[in-house]
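Notes to accompany the following structure.
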Amino acid sequence: MALEDAELNAPQAQAVAHVKGPLLVFAGAGSGKTRVITYRVANLVACERVPPYRILAVTFTNKAAGEMRHRLEGLLGEDVAKDLWVGTFHATCAKLLRRHGEAIGLPKSFVIYDTQDQKAVVTRVLRELDLDERRYPPRTALARIHAEKQEGRGPDEMETGSYLDEAVVKIFARYEEHLKSAGAVDFEDLIGRVVKLLEDPALPEGDTIRRRFEHVLVDEFQDTNAMQYRLLRALAKDHKNLCVVGDDDQSIYRWRGADVRNIRGFKKDFPDAEVVKLEQNYRSTARIVKSALAVIAPSRERVPKDLWTANPEGDAIEVVAARDEHDEAALVTRQIREAREAGTSLREIAVFYRVHAQSRVLEEALRVANLPYQIVGGTKFYERAEVKDALAYLRVLVNPRSDVDLLRIVNTPPRGIGATTIERLVAFAGARRIPVHDAIDRVDEVDDLGAAPKKKLAALRDLLARLRTQAEHDAPSIVLVDLLDATGYREALRTEDSAEADARLENLAELVGSIHDYEAEARAAGETPALTAFLERVSLQSDIDQMKDEARVTMMTVHGAKGLEFERVFLTGMEEEMFPYRGMEPGGDEEMEEERRLAYVAITRARRRLVMTHTSTRQIFGTTRWGRPSRFIRDLPAESIVQRATHAAAIPAERFIDRASSSRGLAPMPWTRSRQTDASRSSWRPERPEPSPSPPPSGVKAGERYVDRDFFDDSGAHGAMDDEGSIRRGARVLHNRFGEGEVRRVETANLGEPAVVAFFPGWGEKKVLARFLKLA
DNA sequence: TGCCACGCCCTTTTT
DNA sequence: GGGCGTGGCA
C-alpha cells in the first residue's frame with residue numbers, strides 16, 4: 001500500500017503530513033521539497049479520506065506540475081490521482097474560468113494573449129491615441145501595465161505622478177477595452193478574474209469554487225506575486241488549509257512581480273501557522289553545499305536557515321579563467337567530452353548561463369564537437385512566425401473577435417489585402433468599437449473602400465466561415481492541415497523553395513504533430529479533443545516543459561534551471577556585469593540581492609561536480625565587454641575550490657598586456673579572496689581590481705590557483721574542432737532533393753540555425769539548413 | 001501591392 | 001548580432 005513506500009517514510013515528509021490548518025515549510029535547496037507536497041497529498045487522500053477532487057496543488061511550471069502528478073500516480077494509483085487538481089497557477093485559473101468565467105462576462109471561447117499579442121495590442125492603441133511609439137515604447141508601457149495588474153490595480157486605481165503616467169493610464173484603459181472586445185485575457189487576467197469571482201460576494205460562483213477545495217498546497221511559494229497570494233488566501237478563506245512550501249533564498253522572479261515578503265511574512269497573515277524548516281540537503285556534496293551557503297550568506301534579509309548535508313566532501317569546485325567566450329566554450333566542450341568518456345551520461349550534464357544571448361557560442365562548440373545537446377528556452381517554438389500564423393488562424397476560428405489574430409492573418413499569405421485596406425477597415429471598426437471581424441462582415445458599409453478590396457475581404461470572410469463550419473465537427477489536427485492548404489499558406493512556402501521556407505514547413509509539420517500528441521492524450525483521458533483546449537495548452541506552455549529526458553547535454557539559463565538537478569554543472573559567464581547581470585538601467589540593491597539568490601540556485605543544482613568559468617573578454621550584444629571575475633566567485637570558500645586558467649587565458653593577446661601588468665605575463669586574475677564590506681557587497685559600483693599576487697607553483701590542491709598548460713592546451717582548439725568530421729567548406733554533402741553537392745559557405749540562417757550554401761550539380765547553389773544534410 | 005535592402009533599434013530572466 | 005520597420009523600386 002502507498003504508505004509503506006520508502007519515500008513516504010522520509011523524515012522530512014513525515015514531519016508535515018498530518019498538520020491541519022495553515023502550514024509553512026521552509027525547504028532548503030535539495031531538501032526534498034516536492035516530496036513534502038506529494039507525501040502530504042497522498043496522506044490526505046489515504047489517511048484523512050479527503051476526496052482527491054477536493055485537493056488543489058499549485059506549481060509555477062507545467063513541468064513541476066507534471067512531475068508532481070507523476071509521483072502522485074505512483075503513490076495513489078492513476079485512478080485516484082486523475083481526480084486531483086494539480087496544475088500551474090495559470091492553467092488552474094484558466095480551467096476555473098472555462099467553467100465559471102461567464103459569470104463575469106468572459107466568453108467560454110476566450111483566448112489567451114501572450115506577450116507578442118499584448119504588444120500588438122499596445123502598438124495599435126498607441127496609434128489610436130496618436131502617441132509616439134518612440135516616446136512611449138510598447139515594451140515599457142506593457143511592463144507598467146503588468147506591474148499594475150500584478151498588484152490588482154486597473155487603470156482607474158493606478159497611482160499617477162508624471163506626465164508619462166497619464167499616458168500609461170490612457171493606454172492601459174484602452175488596452176483593457178481591446179482585450180474585452182476581443183474576448184481575450186492576458187496572463188495577469190487569468191489570476192485576476194478568478195480573484196474577482198472569489199471576492200465578489202454578489203457572485204455565487206465564488207462560494208462554489210471555494211467550497212470545491214478543502215486543501216490548497218503551493219510549491220515554490222517564494223515566487224508568488226501579490227495577486228497569486230490573494231488568490232490563495234481567498235481560496236483558503238474558510239478552512240485555512242493552506243500549505244505553502246518554498247525557500248526565500250531561491251526567490252528569483254522579483255522582476256515579474258514575485259514578492260519574497262509573501263513567504264517571509266506568512267506568519268503575520270496566518271499567526272497560527274505551523275512553521276517547519278527542512279535544512280538537510282540530500283542532493284549535493286558537502287563542498288557544493290558549503291559554496292552555495294557562502295554565496296547566499298551575505299544576503300541581507302533572509303530567514304535564517306542552516307543548510308547542512310551528511311554527504312561526502314566531494315571534489316573541489318573548479319573555477320576556470322578563459323580568454324574569451326570561444327575559449328570558454330572550447331573548455332566546456334572538452335570537459336564534457338572527458339566526462340562522457342569517464343562514464344557520465346550526457347543527460348546528467350548541464351551548462352548554465354545568465355542570459356540566452358550567451359548560448360550561441362556554446363551551442364556552436366557543442367555542435368561542432370558532435371555532442372548532442374538541447375537548448376531550453378530562447379526562441380520558443382510556439383513563437384516562431386509560421387507557428388504563430390497557424391495558431392492565429394485556429395484562434396480566429398474559435399474566437400473571431402480576436403483582433404490581434406485576425407490582423408495577423410488577414411494578408412498572410414499575401415492575398416492582395418494591403419496596408420491601406422487594412423487601415424481603413426481598422427478605422428471603421430475602431431470608430432464603432434466593434435471587432436475587426438464584424439467590420440469585415442459589414443464590409444459593404446465601409447465607404448472608403450473600393451470594389452476590389454471589398455471583394456477580397458468578402459472572399460476571406462467566406463473562407464473563414466467555411467473553415468469555422470469544418471472546425472465544429474472535425475478533429476483539430478484535420479482542421480489545421482486543411483486550413484494550411486485552403487488558405488494557400490503551405491503552397492506559398494513551397495513556392496518559395498528556400499532554406500528558411502523548408503524550415504518553416506518543417507515547423508508546421510511539428511505543430512501538426514503536437515496536435516496529434518494532444519489529441520492522443522485527450523482521448524486517453526476520456527475527453528473529446530477540442531481546439532480551445534489545445535490552444536489553451538499552447539498558450540500556457542513554456543519551453544522548460546518541452547525538456548526531454550534524453551542522453552544529451554542540457555543548456556539553459558539559470559532561471560530555467562530552478563527545480564532541476566544534474567550530476568555535473570557548468571556555470572559559465574561568471575564575470576561582473578554578466579553574473580551579476582547588469583542591464584541597461586543601473587539596478588539597485590534589491591536586484592543585486594536577487595542576483596545573489598540566482599547564483600545560489602545555480603550552485604545548488606549540482607550534485608557532484610561544479611565548474612565555474614569566467615572570461616577576460618566577451619563579445620555580447622555586438623560589443624566587447626571586459627569582465628572581472630564575478631563577486632560570487634570571490635565569495636566561495638577557499639578550501640572548496642581549485643582555480644585554473646586555460647592556456648589561452650594564461651598567455652593573453654597583445655591588446656591585454658597594456659591593461660594587465662605585462663611583467664607577470666598572466667591574464668588579469670584579480671581574485672584574491674577577501675571578505676568584502678557590506679557596502680561594496682551590495683553595490684553595483686565596479687569594484688577596484690585587486691592586485692594579483694604572483695602565481696604560486698601549483699599542484700591540484702583545493703584553494704590554490706594555477707595554470708595547467710598541459711591540461712588546458714587548447715591553443716589549437718578551433719582547428720581541432722574543424723577536424724571533427726562536421727560540415728565545413730569543401731565538404732561533400734548529401735541532400736534528399738538535390739543529391740550530392742559541395743559546401744561553398746557555412747553560415748547562420750535567419751532562424752538561428754546553422755545553414756550552408758552548397759553547389760549541387762543540376763541545381764546550382766542552394767542554401768540549406770545543415771540538419772537536412774548528410775556528409776557524403 | 002509586394003518585395004527587397006537598408007538602417008535603426010535594442011539587448012534578462014517567463015507564466 | 002539580429003529583429004523589425006521603413007522606404008524605395010518593380
Side-chain angles (χ1 to χ4, degrees), chain A residues 58-65 87-94 112-116 118-120 123 133-134 137-140 143 146 150 185-191 220 223-225 227-228 251-258 325 352-361 376-380 382-385 411-422 452-453 456 492 496 536-545 556-562 573 577-585 587 591 594-595 597-598 601-602 619-625 747-752:
Chain A
V58 198
T59 62
F60 274 86
T61 64
N62 296 296
K63 184 170 167 62
T88 64
F89 270 100
H90 295 91
T92 302
C93 287
I112 301 166
Y113 276 3
D114 67 12
T115 314
Q116 270 184 50
Q118 294 159 18
K119 201 176 148 224
T123 308
E133 271 188 52
R134 278 159 221 259
R139 258 178 61 87
T140 316
H146 284 144
Q150 278 160 2
V185 296
D186 60 22
F187 293 125
E188 266 65 59
D189 287 331
L190 288 172
I191 314 287
E220 308 275 15
D223 285 325
T224 48
N225 65 30
M227 283 304 271
Q228 287 160 343
S251 165
I252 56 173
Y253 285 110
R254 202 182 76 93
W255 52 275
R256 125 181 167 190
E325 70 275 16
F352 298 161
Y353 33 81
R354 178 63 180 80
V355 297
H356 279 304
Q358 290 167 260
S359 69
R360 276 202 61 199
V361 176
V376 179
T379 313
K380 296 178 197 90
Y382 291 116
E383 283 171 17
R384 289 168 189 266
N411 198 34
T412 319
R415 49 172 73 90
I417 302 174
T420 321
T421 308
I422 295 170
K456 283 171 182 158
E496 203 185 303
E536 178 174 308
R537 185 168 117 134
V538 166
S539 309
L540 299 176
Q541 205 156 50
S542 74
D543 258 32
I544 190 100
D545 308 322
M556 57 168 82
T557 64
V558 179
H559 282 88
K562 197 178 72 162
E577 315 232 324
M578 281 307 293
F579 198 176
Y581 185 81
R582 183 162 177 256
M584 304 249 85
E585 294 97 48
E591 265 151 76
E594 182 141 319
E595 293 292 320
R597 294 192 294 261
L598 201 48
V601 168
Q619 282 235 18
I620 196 146
F621 304 133
T623 54
T624 305
R625 288 192 184 194
E747 52 186 67
T748 302
N750 291 351
L751 301 163

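We name chains A, B, ... by the order of the sequence lines, and we start the count at 1 in each one. Computed from a predicted model, the values in this text were never measured in an experiment.
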Close N/O contacts between protein and nucleotides 5-10 of chain C (under 3.5 Å):
none

query = Rounded to the nearest Å, what distance is computed from the CG atom of residue A/D114 to the P atom of nucleotide B/dT14?
reply = 14 Å
inquiry  = Taking C/dC4 as the reference, what is the distance to B/dT13 when you measure between their P atoms (whole Å, please)?
reply    = 15 Å
Listed pairs, N/O of protein and of nucleotides 1-3 of chain B, under 3.5 Å:
residue: B/dT1; atom: OP1; partner: A/T421; partner atom: OG1; Å: 3.4
residue: B/dT1; atom: OP2; partner: A/T420; partner atom: OG1; Å: 3.4
residue: B/dG2; atom: OP1; partner: A/G416; partner atom: N; Å: 2.9
residue: B/dG2; atom: OP2; partner: A/N411; partner atom: ND2; Å: 3.4

remark   = Separation of B/dT14 atom P from A/I191 atom CD1, nearest Å, is 18 Å
query = Mind checking what makes salt bridge (Lys or Arg N to Asp or Glu O under 4.0 Å) contact with A/R625, not counting sequence neighbours?
reply = none
inquiry  = Check this for me: does the side-chain of A/W255 come within 3.5 Å of the base of B/dT12 through a donor and an acceptor?
reply    = no
note = Per atom distances to the A/H559 side chain, the nearest of B/dT13, B/dT15, C/dG1 is B/dT13
key: A/F187, nearest nucleotide to its side chain (from C/dG2, B/dT15, B/dT13)   = B/dT15
key: Whether A/F60 stacks on the six-membered ring of B/dT15 base, 5.5 Å and 30° limits   = no
ask   = B/dT14 P sits how many Å from A/L190 CG, rounded?
value = 19 Å
A/R582/A/E595 ion pair, N-O < 4.0 Å = no
query = Is any side-chain N or O of A/T115 closer than 4.0 Å to OP1 or OP2 of B/dT15?
reply = no
key: Any A/H90 side-chain N or O less than 4.0 Å from OP1/OP2 of B/dT14   = no
